[in-house]
Amino acid sequence: QVQLVESGGGLVQAGDSLTLSCVASGGAFSIYVLAWFRKVPGEEREFVAAVGRDGGTTVYADSVKGRFTISRDNAKNAGNLQIHSLEPEDSAIYYCAASHRLPIGGRGWSGDRYDYWGQGTRVTVSS
């Protein structure tokens, strides 16, 4: 059983940058595809980005390409999501998720085949 704990959220201004972190425990971190999702109250959960087991493959939602960067450090059992040029529309609770079922290469990584989820970290962007 893998436990995921996010951190790094907060109240920021539009145009700022922020780095969210996800630390895993209780499992072999390197066997999991790691992803970030976000959710706004009253809306559907939205895929943001995912990174493959060795960090070499990344997938991004079209809405965040160019501003978000996902990475991972298997030696530290951790992953990061760097967000640049924050916009009020980025305000959400950001969740880290991990899956051992997803294939290599990125196919299906934006879907719902994630086995473990963190509790989330809230990001609020003021205009």
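Worth knowing before you read on, the calculation uses all heavy atoms, side chains too, and leaves out hydrogens, waters and symmetry mates.
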Which atom pair, heavy atoms only, marks the closest approach of [X] to [Y]?
{"X": "Val2", "Y": "Ala24", "answer": "CG1-CB, 4.2 Å"}
{"X": "Ala49", "Y": "Leu81", "answer": "CB-CD1, 4.3 Å"}
{"X": "Leu4", "Y": "Ala98", "answer": "CD1-N, 3.8 Å"}

### Task
With sequence neighbours excluded, give me every disulfide bond (SG atoms under 2.5 Å apart) pair touching residues 7-98.
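The answer is Cys22-Cys96.
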### Task
Name all pairs fulfilling the disulfide bond (SG atoms under 2.5 Å apart) condition that reach into residues 30-84, sequence neighbours left out, sorted by first residue then second.
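For residues 30-84, and leaving out neighbouring residues, there are no disulfide bond (SG atoms under 2.5 Å apart) pairs at all.
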Quiz: residues 85-92 side-chain donor-acceptor pairs under 3.5 angstrom, not counting sequence neighbours:
from	atom 1	to	atom 2	distance (Å)
Asp90	OD1	Arg38	NH1	3.0
Asp90	OD1	Arg67	NH2	2.9
Asp90	OD2	Arg67	NH1	2.8
Asp90	OD2	Arg67	NH2	3.3
Asp90	OD2	Glu87	N	2.8
Ser91	OG	Pro88	O	2.9
Ser91	OG	Val125	N	2.8

#### Entry: Short side-chain to backbone donor-acceptor contact, Glu6 and Gln119, under 3.5 Å
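Yes: the side chain of Glu6 pairs with the backbone of Gln119.
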### Query
Applying salt bridge (Lys or Arg N to Asp or Glu O under 4.0 Å), which residue pairs with at least one partner in residues 106-121 are found, sequence neighbours left out?
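Residue pairs with at least one partner in residues 106-121: Arg101-Asp115.
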### Listed once per pair and sorted, the salt bridge (Lys or Arg N to Asp or Glu O under 4.0 Å) pairs that draw on residues 69-78, sequence neighbours left out
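For residues 69-78, and leaving out neighbouring residues, there are no salt bridge (Lys or Arg N to Asp or Glu O under 4.0 Å) pairs at all.
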Once you round to the nearest 0.5 Å, how far does [atom1] of [X] lie from [atom2] of [Y]?
{"X": "Ser30", "Y": "Asp54", "atom1": "OG", "atom2": "CG", "value": "9.5 Å"}
{"X": "Glu46", "Y": "Lys39", "atom1": "CD", "atom2": "NZ", "value": "11.5 Å"}
{"X": "Leu18", "Y": "Thr121", "atom1": "CG", "atom2": "OG1", "value": "8.0 Å"}

Results of side chain to side chain contact (heavy atoms under 4.5 Å, CB included) for [X] - residues two or more places apart only:
{"X": "Glu44", "value": "none"}
{"X": "Ser71", "value": "Asn80"}
{"X": "Ile104", "value": "Arg53"}

Distance-only donor-acceptor pairs under 3.5 Å for side chains of residues 9-17, two or more places apart:
from	atom 1	to	atom 2	distance (Å)
Asp16	OD2	Gln13	N	3.0
Ser17	OG	His84	ND1	3.1

### Task
Considering only Ile, Leu, Val, Met, Phe, Trp and Tyr, and joining two whenever side-chain heavy atoms are under 4.5 Å apart, list the other residues clustered with Tyr95.
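Via sub-4.5 Å side-chain contacts, Tyr95 links to Val33, Phe37, Phe47, Val59, Ile93, Leu102, Trp109, Tyr114, Trp117.
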#### Entry: Results of salt bridge (Lys or Arg N to Asp or Glu O under 4.0 Å) for Asp62 - residues two or more places apart only
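Expected list: Lys65.
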### Query
Are Val48 and Tyr60 side-chain neighbours, meaning at least one heavy-atom pair lies under 4.5 Å?
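No, side chains not in contact.
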### Task
Using the ring-ring contact (aromatic ring centres under 6.0 Å, His included) rule, collect all pairs that involve residues 16-35, keeping only residues at least two apart or in two chains.
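The answer is Tyr32-His100, Tyr32-Tyr116.
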